Amino acid sequence: MVSVAILGAAGGIGQPLSLLLKLNTNITKLHLYDIVNVPGVAADISHVATNSEVKSFLSDKQLAEAVTDIDLAIIPAGVPRKPGMTRDDLFKINAGIVKGLVEAIAENSPKAIIAVISNPVNSTVPIAAEVLKAKGVYDPKRLFGVTTLDVVRASRFVRDIRPEVDAATLRVPVIGGHSGTTIVPLLSLASAKLELSSKEIEELTHRIQFGGDEVVAAKNGAGSATLSMAYAGARFADSVIRAMKGETVVEPTFIPLAADPEGAKQIRELGAGQLDYFAVPVELGPQGVKAIVQLDGADKVTDFERKAVSVAAEALSTNINTGVNF
Ligand code: APR
């Protein structure tokens, strides 16, 4: 029995994410919540022939009910990024939305695992943590910022220049944060030997860091990544749920490093320093974070990558403080 709530289910990310999770046979109950249009989305998706029950919850009045008795809450609610807008411009609007939703989860399902998609993730995750602390239900092992799209882009973009690579199985650890130069792909630790030149590494790194902008520009004012983000969100949710059911699953994700202080030592030495949050590969378990996965061959990390980590850490520190002080 796994109950999942999607908060912001009628949006550009929320709708395809809801559909993909309707196809996930490990889910028994799917609660779709939004402040607009969600009854139609839920009715539509509920006809898909899998066994889960889909329920619609519309507006503040039904928020508490939407997040009661749930195991996992996924939050793609917010406003999308428009051309010229950085993820951080979104902060003020989305921060308030995330705060309200996490308050409701804390009150009604204090043990739920929370996966935040709403940007800027570097700040919205610390906001969620502060809300949970204030409510007395904070467990750093159960709070995640979804960075799966950065990992997905890394694998796919490598394949664009190395067609012999399988994009679906290639793994590139992506660490740091979830915006621009806070995103650090460690191409030197990729699961396949890539033999990339320094120019290719620089170009790929930049493309992975700013991949979201390609979508924003191509959509020409109509928003930011939705379909690939929904795919990434569904993949992350599937990993969390499989781990809940006892499988060992590794996913890179943005977490409070307090979730595994011992395991965080390696990433702190690599450049995370004293930061309280960082994206790292995480072994998931039934209770959320089981352990931070140690990077295999961390001594292979290049000077270019180390420099990128230090640039990321500086920006992240500001982003995190913005969230903590919201
Ligand atoms: N509670 C629930 N849902 C809300 C709330 C709220 N307080 N405020 C807004 N929403 C809903 C909107 O009604 C909409 O259906 O969130 C949905 C957002 O959908 P879109 O505007 O289509 O935005 P989308 O492209 O899905 O992006 C959402 O994810 O990646 C991030 O940067 C992106 O922060 C943005 C978020």
Side-chain angles (χ1 to χ4, degrees), residues 80-91 117 119-123 145-168 170-221 223-229 231-232 252-254 267 270-272 275 277-281 295 297-298 300-320:
R81 193 156 56 114
K82 300 276 165 59
M85 225 176 162
T86 66
R87 286 203 175 100
D88 294 337
D89 291 333
L90 292 176
F91 174 70
I117 291 175
N119 273 314
V121 160
N122 295 354
S123 303
V146 182
T147 59
T148 316
L149 185 53
D150 303 324
V151 181
V152 165
R153 284 186 178 135
S155 311
R156 182 55 240 187
F157 294 172
V158 167
R159 192 193 149 93
D160 283 347
I161 61 164
R162 288 286 184 280
E164 67 278 13
V165 161
D166 176 16
L170 177 72
R171 290 286 176 269
V172 178
V174 183
I175 61 170
H178 183 56
S179 129
T181 54
T182 69
I183 300 169
V184 184
L186 298 177
L187 291 157
S188 62
L189 304 189
S191 60
K193 210 159 171 44
L194 299 174
E195 312 278 6
L196 299 164
S197 69
S198 343
K199 184 162 176 282
E200 285 174 324
I201 288 173
E202 275 172 42
E203 285 172 0
L204 263 178
T205 300
H206 186 271
R207 191 172 177 215
I208 295 162
Q209 292 178 326
F210 295 95
D213 292 351
E214 294 178 17
V215 182
V216 170
K219 289 196 175 180
N220 200 17
S224 46
T226 53
L227 301 172
S228 53
M229 184 58 235
Y231 160 75
T253 159
F254 187 70
I267 201 77
L270 194 63
L275 291 177
Y277 300 84
F278 217 73
V280 279
L295 296 167
K300 281 189 289 185
V301 173
T302 60
D303 288 346
F304 173 80
E305 289 165 341
R306 280 179 201 277
K307 173 91 199 320
V309 175
S310 94
V311 170
E314 201 178 321
L316 252 179
S317 164
T318 309
N319 298 162
I320 292 167

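This is a predicted model, so every value here is computed, not measured.
In this structure, E314 has no salt bridge (charged side-chain N to carboxylate O under 4.0 Å, His left out) partners at least two apart in sequence or on a different chain. By the salt bridge (charged side-chain N to carboxylate O under 4.0 Å, His left out) test, E203 is found to be paired with K199, residues two or more places apart in sequence or in another chain being considered. For R156, the side chain to side chain donor-acceptor pair (under 3.5 Å) partners at least two apart in sequence or on another chain are D160. Every residue two or more places apart in sequence or in another chain that forms a side chain to side chain donor-acceptor pair (under 3.5 Å) with D166 is listed here: T169. The side chain to side chain donor-acceptor pair (under 3.5 Å) test applied to E214 returns R207, not counting sequence neighbours. Partners of R306 according to the side chain to side chain donor-acceptor pair (under 3.5 Å) rule, which considers only residues two or more places apart in sequence or in another chain, do not exist here.
Taking 4.5 Å as the limit, some side-chain heavy atom of S317 sits within range of a side-chain heavy atom of L275. At a threshold of 4.5 Å between non-hydrogen side-chain atoms, the residues T147 and V174 do not count as touching. Contact check for V184 versus F278: no side-chain heavy atoms found under the 4.5 Å cut-off. Within the 4.5 Å cutoff, side-chain heavy atoms of S228 are placed close to those of L149. When side chains are defined from C-beta on, I201 does not count as touching L194, because their heavy atoms never get closer than 4.5 Å. I175 places a side-chain heavy atom less than 4.5 Å from the side chain of L270.
Between the side chain of T253 and the backbone N or O of G145, at least one donor-acceptor pair lies under 3.5 Å. Between the side chain of S224 and the backbone N or O of V216, no donor-acceptor pair lies under 3.5 Å.
To the nearest 0.5 Å, atom OG1 of residue T148 and atom CE of residue M229 are 6.5 Å apart. The distance from atom CG of L204 to atom CZ of F157, rounded to the nearest 0.5 Å, is 9.0 Å. Here CG of N319 is found 12.5 Å from OH of Y277. Values are rounded to the nearest 0.5 Å. Here the NE2 atom belonging to H206 is positioned 8.0 Å from the CG atom belonging to D213, to the nearest 0.5 angstrom. Rounding to the nearest 0.5 angstrom, the gap separating the NE2 atom in H178 from the OG atom in S123 is 12.0 Å.
In this structure, T226 and K219 approach most closely via the heavy-atom pair OG1-NZ, 3.0 Å. For the residue pair V152 and Y231, the shortest heavy atom distance occurs at CG2-CE2, 3.7 Å. The minimum heavy-atom distance between E195 and E200, with the atom names listed, is O-OE1, 4.2 Å. Contact between F254 and L316 at its shortest, heavy atoms only, is CE1-CD2, 3.9 Å. Of all the heavy atoms in G177 and A279, the pair that sits closest is N-CB, 4.5 Å. Across all their heavy atoms, V172 and P185 have their closest contact at CG1-CB, 4.3 Å.
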R159/L170 under side-chain contact (heavy atoms from CB on, under 4.5 Å): CA gap, chis, key distance, verdict = CA-CA 9 Å; R159 192 193 149 93; L170 177 72; over 6 Å; no

How far apart are the C-alpha atoms of T205 and E305, what are their side-chain angles, what is the distance that settles it, and do they pass the side-chain contact (heavy atoms from CB on, under 4.5 Å) test?
-> CA-CA 9 Å; T205 300; E305 289 165 341; over 6 Å; no

Please walk me through it: do V158 and L187 pass side-chain contact (heavy atoms from CB on, under 4.5 Å)?
-> CA-CA 9 Å; V158 167; L187 291 157; 3.8 Å; yes

Candidate pair N122 and T182, rule side-chain hydrogen bond (donor to acceptor under 3.5 Å, both in side chains), full reasoning = CA-CA 9 Å; N122 295 354; T182 69; 3.2 Å; yes

How far apart are the C-alpha atoms of L295 and I267, what are their side-chain angles, what is the distance that settles it, and do they pass the side-chain contact (heavy atoms from CB on, under 4.5 Å) test?
-> CA-CA 8 Å; L295 296 167; I267 201 77; 4.3 Å; yes

